[in-house]
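Keep in mind that this is a model prediction, so the values were computed, not measured. Below, chain A is the first sequence line, B the second, and so on; all start at residue 1.
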Protein chains: 2
Amino acid sequence: MATRTRRSQRRTQALSRERIVEAAVELLDTAGESGLTFRALTERLATGPGAIYWHVANKEELLGAATDAVVAAAVAIGPSAATATTSPAAPATPPAEEAGAAGSAQDGVRLVALGLFDAIVRHPWLATQLATQLSRNPWGTVTPRIFESIGRRVSALDVPESSWFTVTSALVHYILGAAGQNAVNKAGARTLAPGVDRAEFLDTVSTAWEELDPDEYPFTRAVAEQIRGHDDREQFLAGVDLVLAGVTATHHR
Amino acid sequence: MATRTRRSQRRTQALSRERIVEAAVELLDTAGESGLTFRALTERLATGPGAIYWHVANKEELLGAATDAVVAAAVAIGPSAATATTSPAAPATPPAEEAGAAGSAQDGVRLVALGLFDAIVRHPWLATQLATQLSRNPWGTVTPRIFESIGRRVSALDVPESSWFTVTSALVHYILGAAGQNAVNKAGARTLAPGVDRAEFLDTVSTAWEELDPDEYPFTRAVAEQIRGHDDREQFLAGVDLVLAGVTATHHR
DNA sequence: ACCTGAACACCGTTCAAGT
DNA sequence: ACCTGAACACCGTTCAAGT
């Protein structure tokens, strides 16, 4: 078999934290979560483990940095603007969408939400990593980044300032929960042909759900059919709109 | 130091998948995600690794079973009914809440949501594990369990059947996202005195957020103060109500 | 059928030594 | 200041052997 990528030529660029994080993201995308090892990293960067440890404290920090880089790009850009290379450094301010009427702040929320959704689709490991990062390291950079980009749009909605935190939290939580679950791609595939593997997969789940015990799972069985033809992004956006509708109904009415 | 729990007496019960899962949950609760190793399990159960592998295919399956056991108990019971011992096997049908008027289906949703929330607080490893389980194994038992218990209440709301899937998904996604992020307990503490460690922690986050760059993070800084005194459960429920309000506003109105 | 425990391949991390 | 690479402790998993 011997699938050797003969990338172990002499190193041309100097090692740097940025280059290490970049390589980590590539490895995660290519080989999945279990593919990111210091040995693989070491080979790809043509160096030794000690060198990596000089730039990065440990694996947890490396995963955090990889997550942060991808998230930064996602919230800055909006939905899949096809950035081929992931650049760890992102512009400070997101490009302004349509100059802001109060109503199109809702579109802003949708835009950021889709940006995160697409990022998770492109980088399936993000789903798990986001959960890890947000729950055991909320003082890090990842949470504020997401919070800020959603929150700005929320503050442009007409919602009393005292509710900003609650509303933003609800949106962020929905987005992360939904994006996470929908990012079910077979590991390794860079871009999945949208019609083929995916439809097959949904079919499998739908069938499995239809075969559940009728006494224990009446609802899930009843609804299994609806999963078959559905479009993930559409579904995801419908959920965002549901929350936005709740915001409108609850505040300023 | 030699902190030996001298639990390695001769085994009294026979080994079984159930007992292994139970021990795994205890280990996860006590020592965190990194504390669950086959060696620790082996010592606690007074056996060898081979014996465990006879009952369980691998670590991934073990984690899945542990997650499933805890989730099953959570959705069956509702908010923290203080089950001291986690019983992997759960009753088939959840105990009926107040006999169902259409309006109290909303209370049903709140009840299940709080049940999951509390479960994650009691078992912080659930947050990460749920994300893993749901995203790379949706044909497992965990997803249908959660889906069913929320979905039943949704179908008792007056929402057209064609929207059941969308609405249930949105609720489940919010619940998992929110519960996940809020489950920030210091690892190891079984029950945390609610007023002490937690307030200190929120204080730290709030302060950190106030010190962010004013140009990049105006919103997060503005809202940092609101995090200080807030009650997680209250916040969580407010989000559930926001989604429910959205459902009411969008459907059958 | 169920369990034992030594052994294997692999992993994250350290550190004395080099430039 | 930055990098090398051997070495260490530990982990999930296997398997021939026992009962």
Side-chain angles (χ1 to χ4, degrees), chain A residues 1-4 7-25 27-28 30-67 125 128-129 132 136-137 187, chain B residues 1-5 7-25 27-28 30-67 125 128-129 132 136-137:
Chain A
M1 292 300 160
T3 330
R4 309 194 81 265
R7 191 176 286 266
S8 16
Q9 323 147 326
R10 183 155 34 266
R11 187 165 61 241
T12 71
Q13 303 175 46
L15 208 51
S16 70
R17 189 183 155 96
E18 209 177 61
R19 263 178 50 75
I20 293 171
V21 171
E22 196 181 344
V25 171
L27 226 34
L28 286 164
T30 305
E33 224 144 343
S34 69
L36 176 62
T37 67
F38 275 84
R39 271 160 245 264
L41 215 46
T42 257
E43 194 186 339
R44 199 182 191 92
L45 293 169
T47 183
I52 295 175
Y53 275 93
W54 200 90
H55 294 278
V56 151
N58 51 39
K59 193 175 184 181
E60 195 179 323
E61 192 191 293
L62 180 57
L63 277 166
T67 304
W125 49 273
T128 304
Q129 215 39 49
T132 309
R136 67 161 145 281
N137 191 17
Chain B
M1 292 301 163
T3 330
R4 310 196 79 263
T5 25
R7 192 177 285 266
S8 14
Q9 323 147 325
R10 181 151 42 262
R11 188 165 62 242
T12 70
Q13 303 176 46
L15 208 50
S16 70
R17 190 183 155 95
E18 209 177 63
R19 260 178 54 75
I20 293 172
V21 171
E22 196 182 345
V25 170
L27 225 33
L28 285 164
T30 305
E33 222 143 344
S34 69
L36 178 61
T37 69
F38 275 82
R39 271 160 246 265
L41 215 45
T42 259
E43 195 186 338
R44 202 182 188 92
L45 293 169
T47 183
I52 295 175
Y53 276 92
W54 200 91
H55 293 277
V56 151
N58 51 38
K59 192 174 184 181
E60 195 179 322
E61 191 190 294
L62 180 56
L63 277 166
T67 304
W125 50 271
T128 303
Q129 214 39 50
T132 309
R136 70 161 144 280
N137 192 16

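- Of the inter-residue distances, the one linking B/I20 atom CD1 with B/T47 atom OG1 reads 8.0 Å to the nearest 0.5 angstrom.
- Residue-level contact check: B/L36 touches the backbone only, with heavy atoms under 4.0 Å from sugar-phosphate atoms and none from bases.
- We find the CG-CG distance between B/L28 and B/L62 to be 8.0 Å, quoted to the nearest 0.5 Å.
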Worked check of side-chain contact (heavy atoms from CB on, under 4.5 Å) between B/F38 and B/N58: CA-CA 10 Å; B/F38 275 82; B/N58 51 38; 5.9 Å; no
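- A distance of 9.0 Å separates OG1 of A/T37 from CD of A/E43, quoted to the nearest 0.5 Å.
- The minimum heavy-atom distance between B/T42 and B/G48, with the atom names listed, is OG1-C, 3.5 Å.
- Separating the CD1 atom in A/I52 from the CG atom in A/L41 is a distance of 4.0 Å, to the nearest 0.5 Å.
- Whole-Å rounding puts the B/L15 CG to C/dT4 P distance at 8 Å.
- Protein atom NZ of B/K59 is 8 Å distant from nucleotide atom P of D/dT13, rounded to whole Å.
- Rounding to whole angstrom units, CZ of residue A/R17 and P of D/dC2 are separated by 14 Å.
- Tested against B/R17, the residues B/E22, B/E61, B/H55 include a single side chain to side chain donor-acceptor pair (under 3.5 Å) partner, B/E61.
- Rounded to whole Å, atom P of C/dG12 lies 14 Å from atom CD of A/E43.
- The backbone N or O of B/L36 sits less than 3.5 Å from a side-chain atom of B/K59, completing a donor-acceptor pair.
- When the P atom of C/dC11 is taken as reference, atom CG of A/N58 falls 17 Å away, rounded to whole Å.
- Using a 4.0 Å cut-off, no side-chain N or O of A/H55 falls inside it from OP1 or OP2 of D/dA1.
- Put simply, OG1 on A/T132 and CD on B/E33 are 7.0 Å apart, with the number rounded to the nearest 0.5 Å.
- Counting to the nearest Å, the P atom of C/dT4 and the CZ atom of B/F38 are 15 Å from each other.
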Intra- and inter-strand pairs of DNA chain D in dot-bracket (Watson-Crick or G-U wobble, both distances under 3.5 Å; | for another strand): ||.|||||...|||||.||
Measure all distances between protein nitrogen or oxygen atoms and nitrogen or oxygen atoms of nucleotides 5-8 of chain D, and list the pairs falling under 3.5 Å.
from	atom 1	to	atom 2	distance (Å)
D/dG5	O6	A/G50	N	3.1

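- Rounding to whole angstrom units, OH of residue A/Y53 and P of C/dT13 are separated by 3 Å.
- At whole-Å resolution of the value, CZ in A/R19 and P in D/dC3 are 10 Å apart.
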